[in-house]
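Below is one structure, written out as structure tokens; the observations come after it.
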Amino acid sequence: MKSLVESQMVIIFGATGDLTRRKLIPSLYHLERKKLLTRCTPIVCLGRQDYSREEFLQSLDINGSVDNLNSQVWQSLAERIEYHRMDLESVLADDFQSCIAGIRQRYACAGNSLVYLALPTRVFQGTARLLSTLQEQTGWLRVVFEKPFGEDARSAAELNASIRSVLDEEQIFRVDHYLGKELVQNILTLRFANTLFASAWDSKSIDHVQITVSETLGVEKRAGYYDRSGAVRDMVQNHLLQLLAFVAMETPKSPNPESLRDEAVNVIRQLEPVAREDVVLGQYLEGEVDGDRVSGYCQEPGVAADSTTETYVAFRALIDTERWRGVPFYLRTGKRLGRRFAEIRLVLRQSADTAAIFGPVAANTIIIRIQPDEGIALAFNVRSPGESGRTESVLMDFCHHCHFGPNTPEAYEAILRNVMLGERNIFPRWDWIEASWHYIDHLRAVAARPVGYAAGSSGPLEADTLQAGNHHVWHEGVTRQILPLPFHHVRRSD
Ligand code: BG6
């Protein structure tokens, strides 16, 4: 693995939030464990809470977020973690600048800075004046913006203009952590490094595609953010459309990251506007998840009793390109569903000859399991032994963990590593974000109000009306009929 030997200061805004505790600090720990950080990498955490350094370190609850913590590694990282109370709205730019300069002097560090804005999108603009003070230093400045980038096309454009007034495009890293997931990065290898799959990847072979991100979690303690956002803006504008772009893009013209990003943008620009009857929104009602009774969305703390925010969305997307014209892409995501998984299924067409000889058989299907139990499977038909000679669907199954071991980097580790290396391929470019917001704004405008679904179910029954034929199926029951094998038979042991 390429080393990140350059010294750099990591500055985290919003350091007392969940993201820092659950993802950023554990990812920095893993980079430290792999010896990818130099001793000259102070981690400067800025937040509004009045913590001492010790209290802040305690609040990180590192034992709770890292398995089998190596205390020596943690000690060496923790020594470099600083905490400073700072209110972004009131802090003077000069005070910020001298705080950073003081730390830099103490660590005798070069001028490189990685700034991570783990903040709500509406606060991003307020950081511009502070970021401009870092422009004066020597060395590189890279600024990471957490998703969502804006709340709609207009606010995203305003935000972009504001940060572009102080930062160059190559200093800006807009995060979509799904692009850091190993199996998402694998989609391109699967497609473009395998003749077998490359030749099946178009409307001649593919009947339809299903992209599903199903969560068992509810809104947790994020009502303040989530109730303004809803599933479409929280999950579809970014994660699901990125998955769609990776599945549907044309072959990048060169290995240059910009070529990859060009092709991703092209997919989003070629999406046809969604029709009202092709989108179903849902909101979870009380029910049972993993054996526990859970309350409905409107009874969650911080959510208004009459909230109409959607916690589920399913829709049919069509892409107007030579490769995909007429092939439906079904995308769905929801909170408080019965099972946690994210996967992509490409269901292949069946030829008339097959039916004439064998009668109805299961469709060949390519399954990319993003999580859990990461892997790639291919369902195909074989003759079962014995007199009957029945046709049965079986799986060829590649289990990522079994083959590569348990040390696959987590998405945020890949994200931090790539920013440190200045590698941009897993970060959406502004034109991608702009195009996706236009698509999403339209979808939100046409969608009917959310319908209820029981927590622990597979979403609203209304979503099944999106089916456009017998094998355009959504819910698990029917999916299992197509593919009767247990996909999640390989369990992680770590
Ligand atoms: C985040 C959303 O971007 O992704 C959350 O804001 C969601 O609502 C999360 O739970 C899902 O990420 P993952 O990696 O757990 O699938």
Side-chain angles (χ1 to χ4, degrees), residues 14 17-24 26-27 30 65 116-124 144-151 156 173-187 211-244 246 281-284 289-290 294 297 300 302-303 307 309-313 331-344 368-374 400 408-416 426-428 433 436-437 440 455 459 488 492:
D18 240 27
L19 183 74
T20 306
R21 183 176 52 79
R22 290 197 311 116
K23 301 290 183 188
L24 301 182
S27 297
H30 289 298
S65 35
Y116 203 111
L117 301 181
L119 296 166
T121 181
R122 57 182 186 282
V123 192
F124 284 170
V144 187
F145 291 82
E146 246 313 310
K147 63 133 280 243
F149 194 87
E151 295 180 325
F173 291 74
R174 304 175 187 86
V175 168
D176 183 321
H177 78 276
Y178 265 59
L179 296 188
K181 290 188 191 270
E182 194 62 31
L183 262 289
V184 176
Q185 297 189 44
N186 236 307
I187 296 172
I211 300 179
T212 308
V213 179
S214 166
E215 297 190 88
T216 48
L217 283 181
V219 65
E220 309 300 301
K221 293 183 187 139
R222 303 163 72 215
Y225 152 74
Y226 194 87
D227 203 47
R228 281 170 67 102
S229 162
V232 175
R233 296 195 275 195
D234 183 49
M235 294 293 287
V236 181
Q237 180 269 331
N238 34 73
H239 308 325
L240 273 84
L241 290 186
Q242 285 289 358
L243 298 180
L244 173 89
F246 270 47
L281 302 184
Q283 188 187 76
Y284 64 81
V289 178
D290 292 336
V294 296
Y297 178 72
E300 296 277 18
V303 175
S307 168
T309 300
E310 80 285 357
T311 60
Y312 175 99
V313 51
L331 290 85
R332 64 177 166 170
T333 183
K335 293 209 178 284
R336 283 279 189 245
L337 296 174
R339 200 155 62 93
R340 175 180 179 263
F341 71 100
E343 69 178 28
I344 299 169
I368 303 167
R369 287 193 308 268
I370 296 163
Q371 62 192 29
D373 304 331
E374 295 87 340
H400 194 272
T408 303
E410 265 239 42
Y412 276 94
E413 189 184 329
I415 280 165
L416 284 171
I426 59 169
F427 298 92
I433 296 199
S436 63
W437 272 126
I440 288 302
H488 299 278
R492 286 189 163 218

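All ligand and atom numbering here is 1-based and tracks the order in the structure. Along the sequence shown, residues are numbered consecutively beginning with 1. From a predicted model like this one, the values you see are computed outputs, not experimental measurements.
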Residue pair [X] / [Y]: nearest heavy atoms and the distance that separates them:
| X | Y | value |
| --- | --- | --- |
| W437 | F149 | NE1-O, 2.8 Å |
| D290 | G338 | OD1-O, 4.5 Å |
| S214 | R339 | OG-O, 2.5 Å |

Just list the N/O pairs, ligand 1 to protein, that are under 3.5 Å apart, with the distance for each.
residue, atom, partner, partner atom, Å
ligand 1, 3 (O), K147, NZ, 2.8
ligand 1, 3 (O), H239, NE2, 2.7
ligand 1, 4 (O), H239, NE2, 3.4
ligand 1, 6 (O), K147, NZ, 3.0
ligand 1, 6 (O), R222, NH2, 2.8
ligand 1, 6 (O), D234, OD1, 2.6
ligand 1, 6 (O), D234, OD2, 3.4
ligand 1, 8 (O), R222, NH1, 2.8
ligand 1, 8 (O), D234, OD2, 2.6
ligand 1, 8 (O), K335, NZ, 2.8
ligand 1, 10 (O), E215, OE1, 2.5
ligand 1, 10 (O), E215, OE2, 3.4
ligand 1, 10 (O), K335, NZ, 3.1
ligand 1, 12 (O), H177, NE2, 3.2
ligand 1, 14 (O), H177, NE2, 2.8
ligand 1, 14 (O), K181, NZ, 2.6
ligand 1, 16 (O), Y178, OH, 2.5
ligand 1, 16 (O), Q371, NE2, 2.7

Please list, chain by chain and in numerical order, all residues satisfying salt bridge (Lys or Arg N to Asp or Glu O under 4.0 Å) with [X], sequence neighbours excluded.
| X | value |
| --- | --- |
| E410 | K23 |
| E215 | K335 |
| E151 | R228 |

